[in-house]
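Okay, so here's the structure we're looking at.
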Amino acid sequence: MTDVRLTRRELLAMGATTTAGAVAVLSPLPARATANEGQSRTSPVNESTVSLEVNGRPVVLQVDNRSSLLDVLREQLRLTGTKKGCDQGQCGACTILVDGRRINSCLTLAIMFDGASITTIEGIVTAGQTHPLQRAFVKHDGYQCGYCTPGQICSAIGALDEIERGVPSFASDDPAAMPKRTEHEIRERMSGNLCRCGAYPNIVAAIIESAES
Ligand code: FES
Ligand code: FES
């Protein structure tokens, strides 16, 4: 019998890449009262039809009007790469991209996004290739438990795009000048994404290298 043994580090590295490489399963489950677990089942009057493009695929969903976008992605579309940390906008674990901009999906209702294009960690792989940020995170050991990693990577995509578009941050010396991809800027722009394992130096190094490649 083949002896298959992996170190913890090898197992996590596989997870960081396969999470993003997984085929997105977009067979929606029925709407649930996910925003109010434990309360009575919602009635149809509390549901709405929402059309989304999720990771490049069109999907039409019946959603509970009270459901956050995070819950709809995880519970109805089974896209569990996006994590629920605090569920109150404080940790960034639920960061996704909506029409190219990063948002905390736990803080927004799914019904607000009819017609929107959504990208989750499962959708950043192109042509079977992991995203440069994913490769940089693996190279720089930008994670330990990996729970914050999908949110960190989606947030970093948004942060680098903001720098590219000249959006100033609190760390920008001159709001009228084009921001630079300095460590100071990256740290400020990623400050909404917490890492309980404290992998910040490696996360920043991964983002800077990815931006320069
Ligand atoms: Fe959304 Fe923490 S789960 S910010
Ligand atoms: Fe564990 Fe960030 S790697 S929370």
Side-chain angles (χ1 to χ4, degrees), residues 6-21 32-38 52 54 63-64 66-99 101-113 116 118-124 130-131 133-159 162 169-170 183 186-210:
L6 292 172
T7 64
R8 177 179 163 279
R9 182 63 57 193
E10 289 166 339
L11 193 63
L12 282 169
M14 285 172 61
T17 52
T18 54
T19 295
R32 296 176 49 199
T34 46
N36 295 276
E37 299 279 12
L52 303 169
V54 182
V63 301
D64 187 306
R66 301 161 293 179
S67 289
S68 68
L69 184 55
L70 173 63
D71 282 339
V72 167
L73 290 170
R74 288 181 56 85
E75 306 291 336
Q76 285 184 249
L77 293 178
R78 305 177 201 165
L79 293 172
T80 54
T82 305
K83 303 304 183 201
K84 181 184 282 189
C86 63
D87 206 21
Q88 51 185 309
Q90 295 184 358
C91 73
C94 63
T95 307
I96 59 167
L97 299 165
V98 176
D99 295 329
R101 307 287 164 87
R102 55 182 175 164
I103 67 162
N104 288 338
S105 59
C106 72
L107 278 188
T108 52
L109 297 175
I111 54 170
M112 296 163 58
F113 295 98
I118 290 169
T119 305
T120 67
I121 190 72
E122 291 92 343
I124 66 170
T130 49
H131 191 281
L133 271 164
Q134 291 175 298
R135 296 197 289 275
F137 266 65
V138 171
K139 177 179 170 187
H140 287 274
D141 226 6
Y143 52 85
Q144 288 183 38
C145 76
Y147 196 81
C148 72
T149 312
Q152 299 277 4
I153 290 176
C154 286
S155 188
I157 293 172
E162 287 163 15
S169 79
F170 185 71
E183 180 177 335
I186 299 291
R187 283 188 179 276
E188 167 59 24
R189 289 172 194 269
M190 294 298 294
S191 60
N193 289 81
L194 305 185
C195 176
R196 286 137 179 110
C197 298
Y200 296 113
N202 299 4
I203 290 171
V204 173
I207 296 171
I208 289 175
E209 179 181 287
S210 165

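Just so it is clear, the model here is predicted, and its values are computed rather than measured. Counting starts at 1 for both ligands and their atoms, in listed order.
Atom CG of L79 sits about 5.0 Å away from atom OG1 of T120, to the nearest 0.5 Å.
When every heavy atom of P201 is checked against every heavy atom of G198, the shortest pair comes out as CD-O, 3.9 Å. Minimum heavy-atom separation, E183 to I208: CA-CD1, 3.8 Å.
Taking every non-hydrogen atom of D87 and a distance limit under 4.0 Å, the qualifying atoms of ligand 1 come out as 2 (Fe), 3 (S). Short contacts between ligand 2 and C195, defined as distances under 4.0 Å to a heavy atom of the residue, involve ligand atoms 2 (Fe), 3 (S), 4 (S). Near G92, meaning under 4.0 Å from one of its heavy atoms, ligand 1 places the atoms 2 (Fe), 4 (S). The contact set between ligand 2 and G146, taken as ligand atoms under 4.0 Å from a residue heavy atom, comprises 1 (Fe), 3 (S). Residue-ligand proximity, Q90 to ligand 1, at heavy-atom distances under 4.0 Å covers atoms 4 (S). Of all the atoms in ligand 1, the ones that sit under 4.0 Å from a non-hydrogen atom of C91 are 2 (Fe), 3 (S), 4 (S). For ligand 1 and G89, the ligand atoms under 4.0 Å from any heavy atom of the residue are 4 (S). Within ligand 2, the atoms closer than 4.0 Å to a non-hydrogen atom of C148 are 2 (Fe), 3 (S), 4 (S), numbered from 1 in the order shown.
H140 contributes no side-chain N or O that, together with a main-chain N or O of G142, makes up a donor-acceptor pair within less than 3.5 Å. Formation of a donor-acceptor pair under 3.5 Å by the Y147 side chain with backbone atoms of K84 is found in this model.
Centred on atom 1 (Fe) of ligand 2, the angle running from C145 (SG) to C197 (SG) is recorded as 100°, rounding to 10°. For the pair SG of C106 and SG of C94, the angle whose vertex sits at atom 1 (Fe) of ligand 1 is 100° to 10 degrees.
Inspection of the R102 and S155 side chains reveals an N or O donor paired with an N or O acceptor under 3.5 Å.
For the pair T82/S105, a side-chain contact is recorded, criterion being any heavy-atom separation below 4.5 Å from C-beta on. At a threshold of 4.5 Å between non-hydrogen side-chain atoms, the residues R187 and Y200 count as touching.
In this structure, D64 pairs ionically with R66, as a charged nitrogen and a carboxylate oxygen lie closer than 4.0 Å.
In terms of protein heavy atoms, atom 4 (S) of ligand 2 is closest to R196 N, 3.2 Å. In terms of protein heavy atoms, atom 3 (S) of ligand 2 is closest to Q144 N, 3.1 Å.
Look at C86 and atom 2 (Fe) of ligand 1: an N/O/S atom of the residue is under 2.8 Å from the metal.
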